[in-house]
J.: 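First the structure, then my questions, so here it is.
What you see is a predicted model; the values in this text were computed from it and never measured.
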Amino acid sequence: MLGLDQLHYYVPTKRNSKSRIIKKDVIIYGGTPAGMTAAVQIARSGYSVAIAEFSQQIGGMTASGLGATDLGAEEAIGGLAKEFYQEITRYYQKEKQWVFEPKAAQYVSHKWIKEYEIPVYYRQHLEKVSKINGKIVEITMEDGSRYQAGIFLDCSYEGDLLARADISYFVGRESNATYKEIYNGIQFGGPHHKFEKWIDPYTVEGDAKSGVLPGITEDDPALLGYQGQGDHRIQAYNFRICLTNDPEKRLPFPKPANYCADQYQLLLRYIHSGVWDVMKLHTMLPNGKSDLNNYGAFSTDYIGMNYDWPEGSYERREEFFQEHVNYDLGLLYFLANDERVPISIRAEVSEWGLPEDEFVETGHWPPQLYIREARRMISDYVMTDHNCLGQSSVHDSVGLASYHMDSHHCRRVVIDGRCVNEGDVQVPTSPFSISYRSIRPRSSECTNLLVPVCLSSSHIAYGSIRMEPVFMILGQSAGVAAVLALRNKVNVQEVKYHDLRTELLRCGQVLEWSEEIEDDPIKRMEATFGK
C-alpha cells in the first residue's frame with residue numbers, strides 16, 4: 001500500500017556542514033503529550049522553549065491511534081490535560097468527549113504549537129549530551145544540530161536523554177523484595193488475557209522435541225523463575241490500530257512486506273479450540289472508527305519481542321519497529337484472508353479496514369509504536385505500589401494518577417506441556433499523588449533536567465502512571481518547575497515546593513484526592529483550584 005514504505009522508526013539523517021545552534025530558556029526532547037503540555041506551559045509563562053522531536057510527528061501515542069483515553073477518574077485530570085480534552089470536545093461540538101480520532105488529537109497538537117509559536121524540530125536523533133559541573137549545557141543531534149538551554153526536559157518515551165546524561169535508571173521488573181511490593185516481578189496466574197483452553201505449544205502436538213510454535217519465548221522449566229522475582233523483561237508493545245467499518249472509507253488490510261503466516265499457528269490452534277477474542281477490545285471512536293487494542297491470550301501485543309528496545313541502538317529499534325508492523329498488520333491480514341481461519345471470522349474481520357483519512361503519509365497505519373515502558377529513572381523518591389494502593393503518600397504532589405496498576409504480559413512460556421502467558425497485572429487503585437522528587441534526578445547526577453515520562457518508578461507503579469493524560473499532567477508540572485528554577489536561578493532540586501504547589505494550583509492542577517471528592521462537587525472544585 002502506498003505510504004507503508006514511509007513507515008519507519010528511524011531513518012538516519014545526514015550531518016550538516018554548518019551545525020545549527022538553537023538557544024532557548026528550555027529545551028524539550030520529545031514531542032509526546034508531556035513535551036507538548038510542558039512547552040505550552042513554559043510559553044504561557046513568557047519563557048522561550050523549543051521541542052526536538054525524534055520522529056516526524058508531534059503528539060506521541062495520543063495522536064497515533066490511542067483515542068480510547070485510559071482515563072481513570074475524570075476529576076483527577078486538571079490543567080492543560082483537561083484543556084486538551086476540552087479542545088477535543090469543541091472539535092466534535094459535544095458537551096463531553098473523551099475518545100477521539102487520531103486526526104482530532106493531531107489537530108489540537110498543531111493548534112497549540114501554532115498558537116504559542118513553539119518551534120518544533122523533527123527527525124532530531126540525540127547523539128551526545130554535554131555536562132559541566134552537573135549541568136547539561138548542550139545536547140547534540142545526529143545531524144549536527146546543537147541545543148543549548150538553562151533547563152532541559154526529557155519527555156521521550158525511552159528516556160534517551162536521561163541515559164546519555166548519565167542519570168541512574170532501571171529497565172525491567174524489580175523484584176518484590178526491592179521495594180517491599182507485592183505486584184512487581186514475575187507474575188503467574190493473572191486473571192486476564194490468559195489462554196482459556198489447554199493449548200499445546202509444540203510444532204507437532206504432543207512432541208516436545210519438535211520445538212515450540214512461533215510466539216513462545218521460553219520452554220525451559222529452569223528459566224521460569226518464581227513469583228515476584230525480578231528480571232530484565234518489560235511488558236509487551238503493540239500498535240493502537242485505528243480501524244473503520246465504514247464501507248466507503250475502509251481500505252482492505254494489505255499484506256505486509258515480510259508476511260509470515262506461520263507466526264499465527266498458535267492463534268489458529270487457539271481459534272480451532274473454540275476461542276475467538278482477538279479483536280474483542282474495539283473501543284468505538286467518532287465517525288465509525290475504533291481503537292483496537294490487545295485482548296485475550298493472543299492478540300496485537302507482540303509478547304516477549306521487545307526486551308532490547310529501551311537500551312537498543314536506533315538501528316536495532318528500527319528492526320524491532322518493522323517486526324512489530326509485520327506482526328500486527330500481518331495478524332489482521334491473516335485473520336481476513338487465510339483459508340484455515342473459519343469463514344465466519346474472516347467475514348467479521350473483513351468488515352473492518354484501515355481508514356483512508358488517517359495517517360495518509362504512512363499507509364494509513366499509525367506511525368508511533370506503543371512503548372508501554374522503557375527506562376525508568378532512579379531518583380531520591382521511587383513511586384511504588386505502596387503509593388498506588390494508598391499505603392504511602394507524598395508531601396510534594398505534582399499531579400495524580402488514577403488508572404489501575406496495569407502490566408501487559410511480558411512473556412509466553414511452556415508449563416507442563418501447556419502454553420501460558422506471564423506478566424499480566426490489573427489491580428484497581430484510587431487516584432494517588434505523584435512526587436515532584438520522582439520527576440527530577442538526584443542532585444549529585446544532574447541539576448537542570450526534569451523527566452516527566454520516564455520518571456522514578458517501579459515497574460508496577462509505572463503500570464498505573466504511564467497513561468497519556470498523566471503524562472500531560474506531569475509535563476505541565478515539569479514546565480512550571482522549570483520556570484521557577486529559571487526565575488529564581490536555582491537547581492531543579494532547590495525549587496521550593498510551596499512555590500511550586502501555588503503555581504500548580506493556579507494552573508488548575510489536581511494535587512490531592514480523597515474518597516469524598518468523588519461525591520462532593522465543592523471538594524472536586526477545591527481539589528482542582530485550591531481552597
Side-chain angles (χ1 to χ4, degrees), residues 188 193-224 231-239 241 253-279 292-309 312 316-342 345-346 349 365 369-370 372 408-424:
F188 291 109
H193 310 299
K194 61 184 179 180
F195 285 93
E196 301 294 340
K197 297 286 186 71
W198 183 290
I199 304 300
D200 190 296
Y202 303 117
T203 302
V204 177
E205 294 193 51
D207 182 3
K209 294 181 180 179
S210 66
V212 295
L213 293 174
I216 296 172
T217 54
E218 296 167 16
D219 64 339
D220 184 351
L223 298 177
L224 288 177
D231 62 15
H232 67 286
R233 300 175 182 92
I234 55 177
Q235 57 181 310
Y237 298 168
N238 69 346
F239 285 92
I241 309 166
F253 301 120
K255 186 177 182 179
N258 296 308
Y259 176 69
C260 179
D262 288 346
Q263 278 192 298
Y264 312 106
Q265 290 183 59
L266 181 61
L267 172 60
L268 191 64
R269 197 171 285 180
Y270 194 38
I271 289 173
H272 286 164
S273 77
V275 180
W276 162 239
D277 60 2
V278 176
M279 297 177 68
L292 176 64
N293 195 11
N294 181 81
Y295 187 92
F298 194 118
S299 185
T300 59
D301 277 0
Y302 201 15
I303 297 174
M305 304 300 175
N306 62 344
Y307 301 152
D308 293 335
W309 178 285
R316 184 68 184 104
R317 288 180 185 170
E318 170 66 13
E319 293 174 1
F320 278 122
F321 182 90
Q322 296 301 336
E323 289 166 6
H324 279 74
V325 172
N326 275 285
Y327 172 79
D328 271 348
L329 182 54
L331 172 67
L332 295 171
Y333 180 84
F334 173 81
L335 291 169
N337 295 280
D338 196 291
E339 293 184 355
R340 294 171 295 175
V341 175
I345 292 176
R346 278 183 276 151
V349 175
W365 189 264
L369 181 63
Y370 194 3
R372 286 191 172 95
H408 286 233
H409 284 299
C410 300
R411 57 178 175 159
R412 185 176 286 134
V413 300
V414 176
I415 298 178
D416 295 333
R418 179 184 182 181
C419 192
V420 174
N421 290 340
E422 183 272 309
D424 177 78

J.: Would you confirm whether H409, through its side chain, and H193, through its main-chain N or O, come within 3.5 Å as a donor-acceptor pair?
T.: yes

J.: Taking only residues two or more places apart in sequence or in another chain, which ones pass side chain to side chain contact (heavy atoms under 4.5 Å, CB included) with I271?
T.: L267, W276, L335, P342, I345

J.: Hey, what do you get for CG (N326) to CG (N258), rounding to the nearest 0.5 Å?
T.: 4.5 Å

J.: Does the side chain of F334 come within less than 4.5 Å of L268's, by heavy atoms?
T.: yes

J.: Looking at every heavy atom in both L224 and V414, which two are closest together, and how far apart are they?
T.: CD2-O, 4.1 Å

J.: Run the side chain to side chain contact (heavy atoms under 4.5 Å, CB included) test against K194 and tell me which residues pass, sequence neighbours left out.
T.: E196

J.: Determine, stepwise, if the pair Q263 / L331 fulfils side-chain contact (heavy atoms from CB on, under 4.5 Å).
T.: CA-CA 9 Å; Q263 278 192 298; L331 172 67; over 6 Å; no

J.: With sequence neighbours excluded, tell me which residues meet side chain to side chain contact (heavy atoms under 4.5 Å, CB included) with N306.
T.: I234, Y237, H324

J.: In Å, rounded to the nearest 0.5 Å, how long is the span from CZ of R412 to CG of D301?
T.: 9.0 Å

J.: Kindly indicate whether a cation-pi arrangement holds for R316 with F320, taking the cut-offs as under 6.0 Å to the six-membered ring centre and within 45° of the axis.
T.: yes

J.: Using modelled atom types and a 3.5 Å cut-off, is there a donor and acceptor pairing between side-chain atoms of R269 and backbone atoms of I199?
T.: no

J.: Working to the nearest 0.5 angstrom, can you tell me the gap between H408 NE2 and N421 CG?
T.: 12.0 Å

J.: To the nearest 0.5 Å, what is the distance between CG on D328 and CZ on F253?
T.: 11.0 Å

J.: To the nearest 0.5 Å, tell me how far E422 CD sits from F188 CZ.
T.: 5.0 Å

J.: Using every non-hydrogen atom in the two residues, find where L369 and W309 come nearest and quote the distance to one decimal.
T.: CD2-CZ3, 3.9 Å

J.: From Y307 OH over to C410 SG, what is the distance, rounded to the nearest 0.5 angstrom?
T.: 6.5 Å

J.: Has the side chain of Y295 got a donor or acceptor atom that lies under 3.5 Å from a matching backbone atom of D277?
T.: no

J.: Is the distance between the ring centroids of Y270 and F298 under 6.0 Å?
T.: no

J.: Got a list of side-chain donor-acceptor pairs under 3.5 Å for residues 203-216, not counting sequence neighbours?
T.:
residue	atom	partner	partner atom	Å
T203	OG1	S210	O	3.4
T203	OG1	G211	O	3.2
D207	OD1	K209	N	3.0
S210	OG	V204	N	2.9
S210	OG	D207	O	2.6

J.: Please report the closest heavy-atom contact between P256 and Y333, naming both atoms and the distance.
T.: CD-CB, 4.3 Å

J.: Could you walk me through whether L292 and L332 pass the side-chain contact (heavy atoms from CB on, under 4.5 Å) test, one step at a time?
T.: CA-CA 11 Å; L292 176 64; L332 295 171; 4.1 Å; yes

J.: Does any non-hydrogen side-chain atom of P201 lie less than 4.5 Å from one of L266?
T.: no

J.: Hey, do the aromatic rings of Y327 and F239 have their centres closer than 6.0 Å?
T.: no

J.: Among residues two or more places apart or on two chains, list those pairs meeting side-chain hydrogen bond (donor to acceptor under 3.5 Å, both in side chains) that have a residue in residues 214-224.
T.: E218-R233, E218-R411

J.: Do you know the tightest heavy-atom contact between N294 and S299?
T.: OD1-CB, 3.1 Å

J.: Of all heavy-atom pairs between V341 and R346, which one has the smallest distance, and what is that distance?
T.: O-NE, 2.8 Å

J.: List for me each residue that meets side chain to side chain donor-acceptor pair (under 3.5 Å) alongside D338, sequence neighbours excluded, and say none if there are none.
T.: R340

